[in-house]
Every structure is written in structure tokens, then in C-alpha cells.
Colleague: 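I'd like to ask some things about the structure below.
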Amino acid sequence: MSIVSLYFDSYEELSKHPDCKYALEVDSALLGLTQRVESLNLVGKMLWPEPFPKHFKDFPITRHDWLTVGADAFLMRYVSIVDCAILLVNSVLECGLPLRSCTIQSLQKAGIPSRLIDVLRDLIADQGKLRGERNSRLHHGYERGFTLDDSTFRLAARLEKHGRGLRGTDMEDRPINVSRSFKEGLVELQRDFNFSTRKLVRRLDNLYDLLAPEFERRFSPRFKPLPYEMRERSS
């Protein structure tokens, strides 16, 4: 749908054509959602690195930092998908809500179909504790622990980065093993990622199925063939 923007020199000119304006605004919201969903692939590459690093001391960050950054990227991008979905619904159904006040509650007040509200609420419910963790990390400085004795793992990872090791036992009376601790944290993140994204795909499929006829119902009556000079420009 974004191709319509190529035929106009300004948004003011484009706005004179209701079909093009509607298509472009919906495309902008859809692009935001699809890019955010696709960006989860970046997280996947962090959680399933290929080839797997052999020597983390050669990395610019420690094993513990690697998991922390991976968790940050996953939680921020995964949770914000709901916000992008809400903006898409707002655009397709032409609710006209400002970005800052575009919420499920405001969409409901605008009278959108209850089935769409249910899908959006399901998306939020699926996020469960991960949404709370995202908020705590971003607003309160909370950090996820990756092992039962995360402080020891963090220290051992820092010493490994500087070419030293840490001997002894952790608070669970297990021999300190930075590689084992890293794998424990990585597996936990992998499980969260797989569990969440499998549900996400089903929910978004449902959302798109509900939005498609709504888009067609609004777009079709507005659609007008391109003027001759524009067809010539595109050929």
C-alpha cells in the first residue's frame, strides 16, 4: 500500500484523495506492527547464536551481560507488539485517537467490534508476567536473575572476561561454573521466547482475519482509478 505515496509530492496533495490517504495511513500502522514482530528475529539470533561463541573473554560483554541484553530486547519488543496492534486497529477502523491516548479502553469507548477488543485483551493476557517484568526493568531498574545464585554468576562472568576464573562454590553449594550458569539462563530465555511467540502468531493471525474485511469495507467505496498522468508516471 505504501506505493501510493510515490505519486504525490506532499502529504497535503495526497490528502485530497481519500482512498490513497486511508491506504497510506493503514500501511504506516501495519508497517510498525510487522517490523516490531520481525524484530523478534534479532532476539532469536541472540538466544540461538550461530556459531556459538567459544571464548566469551574475547567478546565486548560478559556472558551475564549477553543474557541481560537479550532479555531487555525480548521483553521490550515482545510487549510493545500489543501497542502496535492497538494502533493498527485505531487506523483501520478510523477511530481517530491520538497516539498517546490510544488504548484498549479508548478503542472500546469508540465502539469498535467486541471481537477485536477480545483479541487485543488476549494478546495482553498472553504476556502475563513478562509485561510486568518489562515495566519493572524499564521503570524501576529491576534485573532478572538467571541462576539461583545470580550474584556469583555475574562476578564469575566478569572475572572470565578479564582472563581469570572464580573458584569455590555458590550459595547452592555447587562448584562455580560460569558456562553452566550461562546455559541455565539461556535455556530459560529460550523457553520464554518460544512459549510467547507461538501464542503471538495465532493471536495476530486472528487479528488480521478480523481487520481485513473492515479495511475492504472502508477502502473499496473510496477507491478511484489513478488519473491518466499518474498511470503514465508509474509505467
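Quick note: residue numbers are just sequence positions, from 1. This one's a predicted model, so the numbers in the text were calculated from it and none came from an experiment.
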Colleague: Any non-hydrogen side-chain atom of Val201 less than 4.5 Å from a side-chain atom of Thr197?
Modeller: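 When only atoms from C-beta onward are counted, Thr197 and Val201 do not touch, as no gap falls below 4.5 Å.
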
Colleague: Keeping Thr34 on the side-chain end and Leu31 on the backbone end, is there a donor-acceptor pair under 3.5 Å?
Modeller: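 A pair under 3.5 Å: yes.
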
Colleague: Counting only N and O atoms by type, is there a donor-acceptor contact under 3.5 Å from the side chain of Asp150 to the main-chain atoms of Phe146?
Modeller: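 It does hold such a pair.
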
Colleague: So which heavy atom on Thr62 is nearest to which on Asp65, and how close?
Modeller: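 Heavy atoms of Thr62 and Asp65 come nearest at OG1-N, 3.0 Å.
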
Colleague: Ala29 and Leu88: which non-hydrogen atoms are nearest, and at how many Å?
Modeller: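 Shortest heavy-atom contact: CB-CA, 3.8 Å.
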
Colleague: If you take all heavy atoms of Met171 and Leu148, which pair is closest and at what distance?
Modeller: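 So the minimum-distance heavy-atom pair works out to SD-O, 3.5 Å.
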
Colleague: Looking at side-chain heavy atoms only, is the closest gap between Leu97 and Leu87 below 4.5 Å?
Modeller: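 With C-beta onward as the side chain, the pair stays apart.
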
Colleague: Would you check if Val178 and Leu166 make a side-chain contact, meaning some heavy-atom pair closer than 4.5 Å?
Modeller: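 With C-beta onward as the side chain, the pair stays apart.
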
Colleague: Check whether any side-chain heavy atom of Ile104 lies under 4.5 Å from a side-chain heavy atom of Ile117, and answer yes or no.
Modeller: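 They are in side-chain contact.
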
Colleague: What I'd like to find out is whether the side chain of Tyr208 reaches to under 4.5 Å of the side chain of Leu33, using heavy atoms alone.
Modeller: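 Sidechains of Leu33 and Tyr208: in contact.
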
Colleague: Are Leu93 and Pro113 packed together at the side-chain level, in the sense that at least one heavy-atom pair is separated by less than 4.5 angstrom?
Modeller: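 Yes - at least one pair of side-chain heavy atoms lies under 4.5 Å apart.
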
Colleague: So Phe153 and Leu67, do their side chains get closer than 4.5 Å, heavy atoms only?
Modeller: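 Of all side-chain heavy-atom pairs linking Phe153 with Leu67, at least one is under 4.5 Å.
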
Colleague: Ignoring hydrogens, what is the shortest heavy-atom contact between Ser101 and Ser106? Give both atom names and the distance.
Modeller: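 Closest pair (atom of Ser101, atom of Ser106, distance): O-OG, 2.8 Å.
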
Colleague: Please give me the minimum heavy-atom distance between Asn177 and Arg180, naming the atom from each residue.
Modeller: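 Nearest pair, atom of Asn177 first, then Arg180: OD1-N, 2.9 Å.
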
Colleague: Can you confirm whether Leu123 sits close enough to Leu120 that some side-chain heavy atom of one is under 4.5 Å from a side-chain heavy atom of the other?
Modeller: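 A side-chain contact under 4.5 Å exists here.
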
Colleague: Using residues 182-190 as the side-chain source, report each donor-acceptor pair under 3.5 Å to any protein atom, sequence neighbours left out, with the distance given to one decimal.
Modeller:
{"residue": "Glu184", "atom": "OE2", "partner": "Arg174", "partner atom": "NH1", "Å": "3.0"}
{"residue": "Glu188", "atom": "OE2", "partner": "Arg144", "partner atom": "NH1", "Å": "2.9"}
{"residue": "Gln190", "atom": "NE2", "partner": "Leu47", "partner atom": "O", "Å": "2.7"}

Colleague: Any pair with a residue in residues 88-103 that passes salt bridge (Lys or Arg N to Asp or Glu O under 4.0 Å), sequence neighbours left out, goes on the list, sorted by first then second residue, please.
Modeller: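 Sorted result for residues 88-103: Glu94-Arg218, Glu94-Arg222.
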
Colleague: How would you list, by chain and number, every residue that makes a side-chain hydrogen bond (donor to acceptor under 3.5 Å, both in side chains) with Ser80, sequence neighbours excluded?
Modeller: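 By the side-chain hydrogen bond (donor to acceptor under 3.5 Å, both in side chains) rule, Ser80 matches Arg36.
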
Colleague: Indicate, with yes or no, if the rings of Tyr78 and Phe193 have centres closer together than 6.0 Å.
Modeller: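 No; Phe193 has its ring centre 6.0 Å or more from that of Tyr78.
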
Colleague: In residues 156-163, what donor-acceptor pairs under 3.5 Å come from side-chain atoms, sequence neighbours left out?
Modeller:
{"residue": "Glu160", "atom": "OE1", "partner": "Arg63", "partner atom": "NE", "Å": "3.0"}
{"residue": "Glu160", "atom": "OE2", "partner": "Arg63", "partner atom": "NE", "Å": "3.0"}
{"residue": "Glu160", "atom": "OE2", "partner": "Arg63", "partner atom": "NH2", "Å": "3.1"}
{"residue": "Lys161", "atom": "NZ", "partner": "Phe59", "partner atom": "O", "Å": "3.1"}

Colleague: What pair of heavy atoms forms the shortest contact from Tyr22 to Val92, and how long is it?
Modeller: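 Closest pair (atom of Tyr22, atom of Val92, distance): OH-O, 2.6 Å.
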
Colleague: Quick one: list whatever passes side-chain contact (heavy atoms from CB on, under 4.5 Å) with Glu25, sequence neighbours left out.
Modeller: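 With sequence neighbours excluded, Glu25 shows a side-chain contact (heavy atoms from CB on, under 4.5 Å) to Tyr11, Lys21, Ser91, given in chain and number order.
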
Colleague: Could you check whether Asn41 and Ser39, counting side-chain N and O atoms only, form a donor-acceptor pair closer than 3.5 Å?
Modeller: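 The answer is no; no qualifying pair exists.
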
Colleague: Could you give all pairs that pass the ring pair (Phe, Tyr, Trp, His ring centres under 6.0 Å) test and reach residues 118-144, with sequence neighbours left out?
Modeller: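 Ring pair (Phe, Tyr, Trp, His ring centres under 6.0 Å) check on residues 118-144 returns no pairs.
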
